[in-house]
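Only one structure is covered here, and it is reproduced in the block below.
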2 protein chains.
Amino acid sequence: MPVTIKDLSNELSLSRSTVSKALNGRSDVSSATRERVLRAVDELGYQPSAAARNLRRQRTEKLGLVVNYPFQRVADFLAELIPGMAAVAEDAEYNLILYTSMAGNEQRIKSLCRSREVDGIIVAWPPGSSETVALSQLMADEQMPHVFLPRRFSNAGISFVAADHVQGARALTQHLISLGHRRIGFERLPEVYETDGDRHAGYAGALRDAGIAYDPSLVISAKSTDPHYHTRSFRTFLSQPAPPTAILFFTDPMAINALSLAKEQSIRIPQDLSIAGYDGILASGVTEPALTTVGQAVSDMGRLAVESLLQLIEEQPRAPIQHTLPVELIVRGSTGPNPKI
Amino acid sequence: MPVTIKDLSNELSLSRSTVSKALNGRSDVSSATRERVLRAVDELGYQPSAAARNLRRQRTEKLGLVVNYPFQRVADFLAELIPGMAAVAEDAEYNLILYTSMAGNEQRIKSLCRSREVDGIIVAWPPGSSETVALSQLMADEQMPHVFLPRRFSNAGISFVAADHVQGARALTQHLISLGHRRIGFERLPEVYETDGDRHAGYAGALRDAGIAYDPSLVISAKSTDPHYHTRSFRTFLSQPAPPTAILFFTDPMAINALSLAKEQSIRIPQDLSIAGYDGILASGVTEPALTTVGQAVSDMGRLAVESLLQLIEEQPRAPIQHTLPVELIVRGSTGPNPKI
DNA sequence: TTGAAAGCGTTACCAT
DNA sequence: ATGGTAACGCTTTCAA
């Protein structure tokens with residue numbers, strides 16, 4: 001049987017209330033009493049029951065981390081994200097509870113909110129899924145503070161932490177332009193709404209700034225992340241009358257796929273064709289040649305998401321908290337000067 | 001204000017006890033009543049308060065995952081481990097609570113046990129740290145079910161899930177022997193007690209089986225994982241009068257380091273020297289040449305650890321649960337025939 | 001400065 | 001089959 005506050009009060013011949021006050025640093029306790037209590041805590045090895053405390057205080061100091069990603073596919077993303085989150089949370093005396101099986105089941109999120117087993121929720125949900133807006137509404141209805149990540153919402157009113165993909169795609173495109181490229185392909189992925197829109201906007205913006213006309217035949221939409229589509233897109237790019245001299249892929253895996261397709265066809269990267277990815281996954285650094293890409297400060301995003309959530313919980317601001325973090329252009333071997341000039 | 005059981009009982013003109021029974025599937029409730037209750041649950045959107053339930057039932061259906069690894073350094077290990085764990089836990093209606101800041105602080109583990117905010121603990125603690133035995137004792141004293149991972153304990157009485165490193169090192173050594181190698185170096189790492197002992201035993205065992213004399217000059221102990229030491233060990237290996245024709249490194253990073261040292265010195269791998277790692281980290285598959293190594297079924301280990309912990313919690317067996325999983329030899333390009341024959 | 005008592009939302013025991 | 005009541009362990013209000 002664990003030691004309870006009652007044991008303490010018996011031992012000390014004090015009331016439970018006084019002991020509780022001493023424990024919680026109230027001012028209406030004599031310092032002599034406080035000393036005695038603290039000493040007894042040490043001796044008896046008292047630790048408050050989390051359940052009792054949670055019930056009474058109506059909060060748990062736990063944050064839910066709802067992950068709706070296939071872990072393996074984004075291993076390094078999560079491995080960077082989670083420790084940052086946990087560190088910030090634990091500094092604030094909170095802990096993270098993991099929920100990995102809530103995809104496509106609003107009901108479970110609703111139950112989670114109503115059970116009040118967490119004080120707030122961080123939703124790591126792929127940017128593609130449209131139901132996230134409904135999800136946010138649901139949590140708002142349950143008065144459950146929540147932050148989305150890593151996606152931006154055009155809807156106002158939703159708190160999120162995301163990366164500035166407009167800037168990222170712009171920087172990447174400018175980099176290619178500065179290497180002399182004029183026909184720059186872009187394989188986009190409309191599956192991931194805002195993110196796709198942002199990266200496309202950055203790409204188009206950089207072209208516009210450089211006075212290069214936007215050529216729709218250089219922009220191909222992938223139907224999904226299935227490699228099959230990318231392979232077809234890649235062929236389409238190269239079979240054009242005036243094929244691109246550089247191609248920007250929506251994500252690193254798509255670019256890495258292109259790298260191996262190029263090798264098969266004896267297309268030299270970057271001498272014959274420049275290739276760039278996006279996201280800066282670990283694997284992008286070890287391909288041959290290594291991939292030029294855009295990296296996100298994932299760890300910072302995690303930290304910021306927790307900080308934001310804690311703010312929502314503790315300060316209850318009326319306005320949502322929205323952070324868009326800068327990204328970093330990572331220039332490596334897969335991009336080089338335009339061979340056609 | 002969330003809906004409570006009291007609201008339900010008012011709405012239905014039933015006592016709270018009856019409602020509770022209906023909710024918990026007791027047999028002493030008429031099925032008509034149960035129907036009414038369940039309907040009301042749906043209508044009012046009732047969800048039991050986790051805190052109240054935890055307090056009353058004296059359990060939380062939460063498992064603590066105490067991680068004392070630098071996340072980044074073992075990113076792919078954790079990324080494989082955690083989802084497997086979470087999946088098994090959630091199937092059993094448990095959730096994982098993450099604790100990442102408990103290193104070197106027994107007190108926090110003790111508090112965690114006493115607060116009873118988890119029903120059991122999985123300790124992912126590097127095999128090196130000796131204090132783990134004390135830690136286990138501490139949790140046992142607090143009657144907190146716990147499982148260690150991924151390390152074996154020679155002490156009986158401690159539950160763990162680990163990989164069979166004797167077998168792994170034996171398979172690796174046999175592989176080298178079958179390639180004609182007779183002088184096989186081994187850089188061990190005594191820092192990680194049992195694991196080091198096991199891998200060394202596997203190495204020595206394979207040599208013995210093949211009738212090759214154990215040559216102490218071919219076994220070098222690294223003081224730590226600091227690359228500095230490995231570089232020195234590597235030079236020591238090669239400066240011997242009869243240098244090894246193959247070297248087995250305690251972990252993949254050490255082997256990868258050797259790979260780049262070899263490249264610097266224009267030693268061809270595997271033509272001039274065979275190199276093998278251990279652990280099967282992701283990076284081992286993308287080096288040039290790719291590394292021969294031993295892979296662990298990390299995901300299975302995670303699943304098994306949770307299953308074991310749940311068993312300890314729910315069935316309270318008197319004996320500890322100990323699992324040693326088989327490992328898999330992964331033959332890749334870094335090992336080849338002995339050039340000296 | 002201290003303490004008595006109520007209450008957080010459940011579940012379990014014992015009557016009815 | 002149903003309900004009253006106590007109890008889980010804590011914090012808070014109010015009175016002394």
Side-chain angles (χ1 to χ4, degrees), chain A residues 1-38 40-41 44-62 93 111-119 142, chain B residues 1-38 40-41 44-62 93 111 113-119 142-143:
Chain A
M1 270 291 117
V3 181
T4 73
I5 208 170
K6 202 171 175 183
D7 299 324
L8 277 184
S9 71
N10 286 342
E11 180 74 15
L12 295 164
S13 307
L14 279 171
S15 72
R16 284 176 293 163
S17 3
T18 305
V19 174
S20 170
K21 284 174 191 164
L23 254 26
N24 291 289
R26 295 298 176 108
S27 55
D28 55 349
V29 202
S30 77
S31 52
T33 304
R34 169 162 304 127
E35 296 269 308
R36 288 182 60 214
V37 171
L38 293 181
V41 163
L44 303 189
Y46 169 77
Q47 176 73 28
S49 144
R53 217 172 217 185
N54 293 345
L55 177 57
R56 178 64 233 214
R57 294 187 170 166
Q58 300 286 63
R59 62 202 163 80
T60 60
E61 314 218 304
K62 300 280 173 270
E93 314 256 31
S111 300
L112 174 58
C113 293
R114 296 204 174 137
S115 76
R116 297 279 138 183
E117 71 181 30
V118 296
D119 297 341
E142 301 293 338
Chain B
M1 271 293 114
V3 181
T4 72
I5 211 170
K6 201 170 176 184
D7 299 325
L8 279 182
S9 71
N10 286 341
E11 181 73 15
L12 295 165
S13 307
L14 281 171
S15 73
R16 284 176 293 163
S17 0
T18 305
V19 174
S20 172
K21 285 174 192 164
L23 254 26
N24 291 290
R26 296 298 177 108
S27 55
D28 55 349
V29 202
S30 77
S31 54
T33 305
R34 170 162 303 130
E35 296 269 308
R36 288 182 60 215
V37 170
L38 293 181
V41 164
L44 302 190
Y46 169 77
Q47 175 73 25
S49 146
R53 216 171 218 188
N54 293 347
L55 177 57
R56 177 65 235 210
R57 295 187 170 167
Q58 298 287 62
R59 62 199 162 84
T60 60
E61 315 220 303
K62 300 282 173 267
E93 314 256 31
S111 300
C113 294
R114 303 224 236 246
S115 76
R116 296 280 138 180
E117 72 182 30
V118 296
D119 297 341
E142 301 294 337
Q143 317 231 52

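Numbers restart at 1 for each chain; the letters A, B, ... are given by sequence-line order, proteins then strands.
- Straight-line distance from the CG atom of Asp7(A) to the P atom of dC10(D): 9 Å, rounded to whole Å.
- Between Ile5(A) and Leu23(A) the shortest side-chain heavy-atom distance falls below 4.5 Å.
- Nearer to the 5' terminus of DNA chain D, by closest-nucleotide assignment, is the contact made by Ser13(B) (compared with the other of Ala51(A) and Ser13(B)).
- A 4.5 Å side-chain heavy-atom check between Pro2(A) and Arg114(B) finds every atom pair outside the cut-off.
- The backbone N or O of Asn54(A) sits nowhere less than 3.5 Å from a side-chain atom of Thr60(A) that would complete a donor-acceptor pair.
- Between Glu61(A) and Arg53(A) there is no salt bridge, since none of the side-chain N atoms of the basic residue sits less than 4.0 Å from a carboxylate O of the acidic one.
- Closest approach of Thr4(A) to Tyr46(A), counting heavy atoms only: C-CE1, 3.5 Å.
- Residue Asn54(B) contributes atom CG, which lies 14 Å from atom C1' of dC10(D) at whole-angstrom precision.
- The interatomic distance linking Asn10(A) (CG) with dG3(C) (C1') rounds to 14 Å, in whole Å.
- For the pair Arg34(B) (side chain) and Arg26(B) (backbone), a donor-acceptor distance under 3.5 Å is present.
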Could you run through nucleotides 10-16 of chain C and give me one letter per nucleotide, 5' to 3': B if any protein heavy atom sits under 4.0 Å from the base, S if only the sugar-phosphate is that close, - if neither?
-> BBBB---
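- Side-chain contact between Lys62(B) and Lys62(A): absent, with no pair of heavy atoms (C-beta onward) separated by less than 4.5 Å.
- To the nearest angstrom, P of dC10(D) lies 8 Å from CG of Leu8(A).
- Less than 4.0 Å separates DNA chain C from at least one heavy atom of each of the following residues of residues 29-37 of chain A: Val29(A), Ser30(A), Thr33(A).
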